[in-house]
Amino acid sequence: MENKTACVHLQAIASVRQAKQHVCEECVKTGDRWVHLRTCQGCGVTLCCDSSPNRHATRHAEASGHPVIASAEPGERWLYCYPHRAFAAY
Ligand SMILES: [Zn+2]
Ligand SMILES: [Zn+2]
Ligand SMILES: [Zn+2]
């Protein structure tokens, strides 16, 4: 990582999981819309951000305990840890 961080979760990310498809995997099932996409670094699922109506990425993090997401938006290279509320560029 480029940025020094106190977050053990971000420090543990050796290689960043990228989105397999540029869709929210939950919203596509129900035909809902999303704003931005995030990829879970625990299991690799791609879900929608907190600006989206369903906030699937945050709900997944709370339900699964997977702490870290990466932005799945083109050109964005950052990670976020929910429990530490920590960002890191990569
Ligand atoms: Zn953390
Ligand atoms: Zn969604
Ligand atoms: Zn996950």
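We're numbering straight along the sequence, starting at 1. As the structure lists them, so they are numbered: ligands from 1, and atoms in each ligand from 1.
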Problem - Basic-acidic side-chain contact under 4.0 Å: E26, K29 - result: yes

Handout entry: Gap between atom CD1 of I69 and atom CH2 of W78 - 0.5 Å precision
Key = 5.0 Å

Problem - Shortest-distance N/O/S atom, H66 versus the Zn ion (ligand 3) - result: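 Nearest N/O/S atom: ND1.
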
Fill in the blank from the handout: In H56, the N/O/S atom nearest the Zn ion (ligand 2) carries the name ND1

Practice task
Kindly report the NE2-the Zn ion (ligand 3)-SG angle for H60 and C40 respectively, rounded to 10°.
Solution key: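 The two atoms subtend 110° at the Zn ion (ligand 3).
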
Exercise for the section: Using modelled atom types only, decide if a donor and an acceptor are shared between the side chain of S52 and the backbone of C48 within a distance under 3.5 Å. Expected result: no

Practice task
Using atom types as modelled and distance alone, determine if a side-chain donor or acceptor of T39 lies under 3.5 Å from a backbone N or O of R17.
Solution key: no

Exercise for the section: Looking only at N, O or S atoms, find the one in H9 nearest to the Zn ion (ligand 1) and name it. Expected result: ND1

Exercise for the section: Of all N, O or S atoms in H84, identify the one at the shortest distance from the Zn ion (ligand 1). Expected result: ND1

Exercise for the section: Report the relative orientation of the aromatic rings in H84 and H9; use parallel for angles under 30°, tilted for 30 to 60°, perpendicular for over 60°. Expected result: tilted

